[in-house]
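Side-chain atoms are counted along with the backbone in the values below, which use heavy atoms only and exclude waters and symmetry mates. Nothing here was measured: the structure is a model prediction, and the numbers come from that model. Chain identifiers are assigned alphabetically (A, B, ...) following the order of the sequence lines, protein sequences preceding nucleic acid strands; residue numbering begins at 1 within each chain.
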Amino acid sequence: MLEAKLTQTFIKAFKQLYDRQPDIKHISFQKTRSEFEGDRTIVVFPFSKILQQSAEETAQQIGEAMMQLYTEIVRFNVVKGFLNLTISGKYWVSFLQQALSMPDFGFNQSGKGKRMVIEYSSPNTNKPLHLGHIRNNLLGWSVAAILKANGYEVVKVNLINDRGIHICKSMLAWQKWGGKSPEETAMKGDKLVGEMYVRFDKELKAEIAGLVQQGYSSEEAATRAPLIIQAQEMLRLWEAGDPQTHQLWATMNGWVYEGFNQTYAKMGVDFDKLYYESETYLLGKEIVEEGLKNGALFQKTDGSIWCDLSAEGLDEKLLLRADGTSVYMTQDLGTAKLRMSEYQADKMIYVVGNEQNYHFEVLSRILKKIGYQWADTIEHLSYGMVELPEGKMKSREGTVVDADELMDEMILTAKEMTTELGKLDNLTEEEADKLFTTIGLGALKYFILKVDPRKNMLFNPDESIDFNGNTGPFIQYTHARIRSLLRKATHVEEDQLPGTDITNTEFLPDKERNLIRLVYSFPQWVQQAAESRSPALIANYMYELAKEFNQFYQSVPILREENISLRLLRLDISRIVASILKKSAELLGIEMPEQM
RNA sequence: GGUCCGGUAGCUCAGCUGGAUAGAGCAGCAGCCUUCUAAGCUGCGGGUCACAGGUUCGAAUCCUGUCCGGAUCGCCA
């Protein structure tokens, strides 16, 4: 690797010059800023300070010595305390050849032998997927893909919250006011069930308002409303195993799953394993018993069981209610243990919104306290909220952005744009439809994934997602352009012989150099994206690369270049850029069209 | 109130393991299609990096405090 070689050379040069060891922590080669000549830069201020001589002088001396020691350094210049090194064109070109010969260029095996279980999506079955889920799903899927590209074994899991009071509300509403199947209403199953949930909420509010008018306080009204009492009764029946309740529950969940599956399929996300809370929600109790026995937990006089985390600066946390029923935390203790025993994961990653930061903090502390050392493998991939201009999405207020609708709108916009630009020449209708989907979803996915997962992001439904500038379609377009170029290149190359003549490429123009350097950095981004669990790094990199390529494309001839060696070099660059764009897009779940 | 996260151009976002004059896109303005796809390219304008201190040769980046915004502190999930 270049950096390693440069570091080594630097140390050697330093010792030679000053007869002492340089401080390793100050040796870092960064990319030279574009306004200066050079490929890599080292800042010598820290060294000149120790040597008690001027930074310029130090840089000059080290530059000369390094050039003597490492032949790939062909030039250097010094600006203040910055030593800018220029690496030979030959080095870059031979790197390019090497990269082209590696089908897996960019990917690595650093995660070899490690297994990651990543949970994402985790929907409730009482309402359809919305924009928040889109971010969650895309993130989870993409992080999984990125981990795989780093050699990890990845298990993608989804924990479906298919039970609880919220589903009972939908069920009750359906009994009272629905009564029709998705087929009969020509609605997607998840939409139908979601509508029932909203209906319940509306009717409940009306009941409460009525009670308040009769003189009840609003708190009291909320607990006395017949609808909520019936919903609770239904939940009780469900937990008692009542066949009729279970039947209705299974039927309605079935509708929802059918709807979810369509949404997932369109979104392009999938799972290796599905967990259902109805099957796992009781699992935590044993752990709680265990913790109570070994003294990690304690029981209050009413019988409820708690974990005291006040010594760690947190609160007491309830784990089992006085009536012995479990809470969310209890379930998560159980599912974590189940998952661990099933997969022996090196990490269990949970893609869950940052509103649950505290929950996950507490989760691993409790497990640790009870004595499970693997608690440390739990990692909360905490991502920010998707906000609308008016603030948070609120399902009750109808301000949610529905996942299906959004995707359909994006695809439709892609269709309009494409048609308007007259880019449908030789496509069959089927191919054209495929293309609209590719572009529309590409725009959406890139829009979501390019922002740092940890940060909240804003989505303005009134301003449709862009197709120009820093967008998915821009990158797709760049790819399509290159592919078109390469299609035309086959006959240009046929009469040339294999490989590029690199013997005469000591001279390497700026655009070519910039692109090869970007290519060079691809593997580092793949690795860093995995370490920081951030698809955004890949997205930003792709954009850099695409932008640089477009400048290149627009400023130099490629197929029309007369110098054969240069033409082939440019084609090689084009080829690898297309391949990297495609690979990185795959890490984000974005497809790259051959033509657009 | 406690804890956590954030505040960078009109808007959306990069940059944050300290390094050169803080970058893109959108929006605005002006150019570029007889040549490899104009969903592109080029140029112009736009900044007290919330504020105040501190550490340092050097701070958007690290530390402290203040202000502002968000999340959370449920026997909800």
Between rU17(B) and rC11(B) - C1' atom distance, rounded Å = 31 Å
Could you give the distance separating rC73(B) and rC26(B) at their P atoms, to the nearest angstrom? 41 Å
Counting primed atoms, P, OP1 and OP2 as sugar-phosphate and everything else as base, the B/S/- map of nucleotides 71-77 of chain B against protein heavy atoms under 4.0 Å is SSS-BSB
Correct closest heavy-atom pair for K450(A) and A539(A) would be CA-CB, 3.7 Å
B/S/- along nucleotides 13-24 of chain B (protein heavy atoms under 4.0 Å) is SS-B--BBS-SS
note: F447(A), atom CZ; rC26(B), atom P; distance rounded to Å ~ 14 Å
For residues 45-56 of chain A, the salt bridge (Lys or Arg N to Asp or Glu O under 4.0 Å) pairs (sequence neighbours left out) are none
Will you find, in the side chains of N426(A) and Q595(A), an N or O donor that is under 3.5 Å from an N or O acceptor? yes
Its dot-bracket string being built from Watson-Crick and G-U pairs below 3.5 Å, with | for another strand and [ ] for crossing, RNA chain B has the pattern ((((((((.[[[[.)...(...]]]].(((((.......))))).....[[[[[..)....]]]]])))))))....
Across all chains, not counting sequence neighbours, the ring pair (Phe, Tyr, Trp, His ring centres under 6.0 Å) partners of Y328(A) are H359(A)
Legend entry - Cation-pi check, R163(A) onto Y276(A) ring (under 6.0 Å, within 45° of axis): no
Between L314(A) and D466(A), the residue closer to the 5' end of RNA chain B by nearest nucleotide is L314(A)
| message | What's V556(A) touching, base or sugar-phosphate or nothing? Going by heavy atoms closer than 4.0 Å. | response | base
From OH of Y446(A) across to C1' of rC26(B) the rounded distance in Å is 13 Å
Atom CD of E312(A) and atom C1' of rU3(B) are separated, to the nearest Å, by 14 Å
Applied to residues 299-309 of chain A, the salt bridge (Lys or Arg N to Asp or Glu O under 4.0 Å) test, sequence neighbours excluded, yields K300(A)-E316(A)
With sequence neighbours left out, the residues meeting ring pair (Phe, Tyr, Trp, His ring centres under 6.0 Å) with F474(A) are Y543(A)
So the salt bridge (Lys or Arg N to Asp or Glu O under 4.0 Å) pairs with at least one residue in residues 529-544 of chain A (sequence neighbours excluded) are E379(A)-R533(A)
Parallel, tilted or perpendicular: rings of H26(A) and F47(A) (30°, 60°) | perpendicular
Distances for protein N/O vs nucleotides 37-39 of chain B N/O pairs under 3.5 angstrom?
residue: rU37(B); atom: OP1; partner: S484(A); partner atom: OG; Å: 3.2
residue: rU37(B); atom: OP2; partner: S484(A); partner atom: OG; Å: 3.4
residue: rU37(B); atom: OP2; partner: K488(A); partner atom: NZ; Å: 2.5
residue: rU37(B); atom: O5'; partner: Y553(A); partner atom: OH; Å: 3.4
residue: rU37(B); atom: O2'; partner: Y477(A); partner atom: OH; Å: 2.1
residue: rU37(B); atom: O2'; partner: R481(A); partner atom: NE; Å: 3.0
residue: rU37(B); atom: O2; partner: K423(A); partner atom: NZ; Å: 2.7
residue: rU37(B); atom: O2; partner: M596(A); partner atom: O; Å: 3.1
residue: rU37(B); atom: N3; partner: M596(A); partner atom: O; Å: 2.6
residue: rU37(B); atom: O4; partner: A480(A); partner atom: O; Å: 3.4
residue: rU37(B); atom: O4; partner: M596(A); partner atom: N; Å: 3.1
residue: rA38(B); atom: OP2; partner: R481(A); partner atom: NH2; Å: 2.7
residue: rA39(B); atom: OP1; partner: K423(A); partner atom: NZ; Å: 2.4
residue: rA39(B); atom: OP1; partner: Y477(A); partner atom: OH; Å: 3.4
residue: rA39(B); atom: O3'; partner: N468(A); partner atom: OD1; Å: 3.1
residue: rA39(B); atom: N6; partner: T418(A); partner atom: OG1; Å: 3.2

What one should report as the nearest heavy-atom pair of V193(A) and S170(A) is O-OG, 3.3 Å
Ring-face cation contact, Y383(A) with R454(A), 6.0 Å cut, 45° max
no
- Item | Distance, P atom - from rG70(B) to rG31(B), rounded to whole angstrom | 45 Å
If I pick the P atom on rG43(B) and the same atom on rC49(B), what distance separates them, to the nearest angstrom?
26 Å
Enumerate, atom names and distances included, each donor-acceptor pair closer than 3.5 Å involving a side-chain atom of residues 414-423 of chain A, sequence neighbours excluded.
residue: T418(A); atom: OG1; partner: A414(A); partner atom: O; Å: 2.6
residue: T419(A); atom: OG1; partner: K415(A); partner atom: O; Å: 2.6

Between rA20(B) and rG15(B), how far apart are the P atoms? Round to whole Å, please. 16 Å
Rounded to whole Å, the CG-C1' distance (L309(A) to rG2(B)) equals 15 Å
Considering only heavy side-chain atoms of E387(A), the closest of rG70(B), rC36(B), rC41(B) is rG70(B)
Applied to residues 546-563 of chain A, the salt bridge (Lys or Arg N to Asp or Glu O under 4.0 Å) test, sequence neighbours excluded, yields E561(A)-R570(A)
P atom, rC29(B) versus rA22(B): distance in rounded Å?
-> 28 Å
E544(A) CD to rG25(B) P, in whole Å, measures 10 Å
Is it true that a side-chain atom of S121(A) and a backbone atom of N137(A) form a donor plus acceptor pair closer than 3.5 Å? no
Item to check | rG6(B) and rG19(B), which share atom name C1', separated by this distance in whole Å | outcome: 25 Å
Integer angstrom distance from the C1' of rG45(B) to that of rG7(B): 25 Å
Expected label for rC67(B) (glycosidic angle, syn inside 90° of 0, else anti) would be anti
Residue set satisfying side chain to side chain donor-acceptor pair (under 3.5 Å) with E463(A), at least two apart, ordered chain then number -> N460(A)
